[in-house]
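Data first, discussion second: the structure below is written as structure tokens.
Computed from a predicted structure; not experimentally measured. Protein chains get the first letters and strands the later ones, always in sequence-line order, with residue 1 at the start of each.
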Amino acid sequence: MSNLVDPILRWYDAHARDLPWRRPTASAWSVLVSEFMLQQTPVSRVLPVHEAWLDRWPAPADLAAEASGEAVRAWGRLGYPRRALRLHAAAVAIVTDHGGVVPDSYDALRGLPGVGDYTAAAVAAFAYRQRQVVLDTNVRRVLGRAVAGVEFPARSVTKAERGVAEALLPADPPTAATWSVAVMELGALVCTADRPKCPFCPVVETCAWQAAGRPAYDGPPRPLQTYAGTDRQCRGRLLAVLRDAPGSVTKDRLDAAWDLAEQRDRCLVSLLDGLVVAVGDRYALP
DNA sequence: GATTCGTGGTT
DNA sequence: TAACCAAGAAT
């Protein structure tokens, strides 16, 4: 793993996408919003929602002043709408506990609702140019291939992985921050999960997976991700009705969104934990 | 540590 | 076409 860093930094300099949250003028809030939206959602779908979000709520205090339901509505169809609730809660916490300024320490960031290890490290690195180990699915895949020689990393982050990432991280904080985003970008654009573009990879000559003949993944199969007919889909349908309605709706409107009454009612109840509120005999976003 | 939390593009 | 996957977090 001796010299992955320089070639990847050079590659990034030449090939990085121009994303709004990466521009020098982007605020830490813009970075934080992008990280919430990018949790399990592709960049192309995040772009328009992120832009509208920052136009409407340029600072944490602007969002914190709104009802949480407005965040859920503006979230649109990005998926996992509880992220919208958590982002709203994070904005409130930033105003309450941090003077309205997105905190710059890993620990303070990690304490915000919806901010786990990845997001805390990413915001500290990308918004504040700190030296942080940023381990997302892209970085894990790139290092897994380039260093460990495996097609896909383990289910959860191992100590060995973290050790490799720490060892590679440049000592100089701004360079480390650029390195972190550069490895992620390489994973997103070249060292992709399927059909990786190895001929265009800046480290193809030192890649352990390449040297081993690109052996196929032989670990435990990942659980199947079904969606059609699940409670998750049902909840999505119910929430879509509420997002698209200006105010509250009758239960009839929700009933029309899903055929199976038993499943529909179960899902509605599960949404009442914060994503939906009952208003008399009607339902609305919070 | 395994499960659960949406949605749509791609192949 | 059905399967896979996309800058994770909370429980």
Enumerate, atom names and distances included, each donor-acceptor pair closer than 3.5 Å involving a side-chain atom of residues 209-220 of chain A, sequence neighbours excluded.
unit_1  : atom_1 : unit_2  : atom_2 : d
W209(A) : NE1    : P215(A) : O      : 2.8
Y217(A) : OH     : P220(A) : O      : 2.9

Could you list the donor-acceptor pairs under 3.5 angstrom formed by side chains in residues 167-176 of chain A, with sequence neighbours left out?
unit_1  : atom_1 : unit_2  : atom_2 : d
D172(A) : OD2    : T175(A) : N      : 3.2
D172(A) : OD2    : T175(A) : OG1    : 2.6

Taking only distance into account, with no hydrogens and no angle test, what donor-acceptor pairs under 3.5 Å do side-chain atoms of residues 100-109 of chain A form with protein atoms, sequence neighbours excluded?
unit_1  : atom_1 : unit_2  : atom_2 : d
S105(A) : OG     : A108(A) : N      : 3.0
Y106(A) : OH     : D117(A) : OD1    : 2.6

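Within residues 232-243 of chain A, the residues having any heavy atom closer than 4.0 Å to DNA chain B are, in order of number, R232(A), R235(A), G236(A), R243(A). Of all the residues in residues 33-46 of chain A, E35(A), L38(A), Q39(A), Q40(A), P42(A) reach under 4.0 Å from DNA chain C with at least one non-hydrogen atom. Within a heavy-atom distance below 4.0 Å of DNA chain C, the residues of residues 127-138 of chain A found are D136(A), T137(A), N138(A). Taking every heavy atom of residues 175-186 of chain A and every atom of DNA chain C, pairs under 4.0 Å involve M184(A), by number.
Residue-to-nucleotide proximity on DNA chain C shows that, of F126(A) and G114(A), the 5′-proximal contact is made by F126(A). Residues D194(A) and S156(A) both approach DNA chain B. Their nearest nucleotides, taken by heavy-atom distance, put S156(A) toward the 5′ side.
One hydrophobic cluster holds both V157(A) and L38(A) under the rule that ILVMFWY side chains link at heavy-atom gaps under 4.5 Å. Each of L260(A) and L238(A) belongs to its own hydrophobic cluster when Ile, Leu, Val, Met, Phe, Trp and Tyr are linked at side-chain heavy-atom distances under 4.5 angstrom.
Of all non-hydrogen atoms in L112(A) and A90(A), the two that sit nearest each other are CD2-O, 4.2 Å. Contact record, K251(A) with D265(A): NZ-OD1, 3.1 Å, taken as the closest heavy-atom pair. The two atoms that bring Y118(A) and F126(A) nearest to each other are OH-CE1, 4.3 Å, heavy atoms only.
In this structure, the side chains of L254(A) and L242(A) come closer than 4.5 Å at one or more pairs of heavy atoms.
No side-chain donor-acceptor contact under 3.5 Å links R23(A) and S30(A).
With sequence neighbours excluded, the residues satisfying side chain to side chain donor-acceptor pair (under 3.5 Å) with Q39(A) are T119(A). With sequence neighbours left out, S248(A) forms a side chain to side chain donor-acceptor pair (under 3.5 Å) with R282(A). Every salt bridge (Lys or Arg N to Asp or Glu O under 4.0 Å) that R131(A) has, sequence neighbours left out, goes to E166(A). Under the side chain to side chain donor-acceptor pair (under 3.5 Å) criterion, D273(A) pairs with R82(A), not counting sequence neighbours.
Taking CZ of R22(A) as the reference point, atom CG of L19(A) lies at 4.5 Å (rounded to 0.5 Å).
In this structure, L85(A) reaches neither bases nor backbone, as no heavy-atom distance under 4.0 Å exists between it and the strands shown. Residue T226(A) is classed as having no contact, given no heavy-atom separation below 4.0 Å to the nucleic acid. Among the protein residues, A193(A) comes within range of the sugar-phosphate backbone only, with heavy atoms under 4.0 Å from sugar or phosphate atoms but none that close to a base. Among the heavy atoms of the strands lying under 4.0 Å from W21(A) is at least one base atom, whether or not backbone atoms are also near. Residue G116(A) is classed as a sugar-phosphate contact, given heavy-atom separations below 4.0 Å to backbone atoms only. Among the atoms of the strands shown, base atoms are found under 4.0 Å from some heavy atom of R22(A).
Using atom P as the reference point in both dT11(C) and dG6(B), the two lie 14 Å apart (nearest Å). Taking atom P in both dA7(C) and dT4(B), the straight-line distance is 23 Å, to the nearest Å.
Atom pair Q225(A):CD and dT3(B):P shows a separation of 13 Å (rounding to whole Å applied). In this entry the distance linking CG of L275(A) with P of dT4(B) reads 18 Å, nearest Å. Protein atom CZ of R83(A) is 9 Å distant from nucleotide atom C1' of dT7(B), rounded to whole Å. Summarising the geometry, the separation between CG on D231(A) and P on dT7(B) is reported as 13 Å, rounded to the nearest angstrom. Nucleotide dG8(B) holds its P atom 13 Å from the OH atom of Y80(A), rounded to whole Å.
The cationic atom of R86(A) (NZ for Lys, CZ for Arg) does not lie both less than 6.0 Å from the six-membered ring centre of Y80(A) and within 45° of the ring axis.
Residue-environment remark: CZ (R253(A)) stays at or below the threshold of 12 foreign heavy atoms within 6.0 Å.
The side chain of Y227(A) contributes an N or O atom lying less than 4.0 Å from OP1 or OP2 of dT7(B).
Mapping heavy-atom proximity under 4.0 Å, the span of DNA chain C touched by chain A runs 5' to 3' from dC4(C) to dA10(C).
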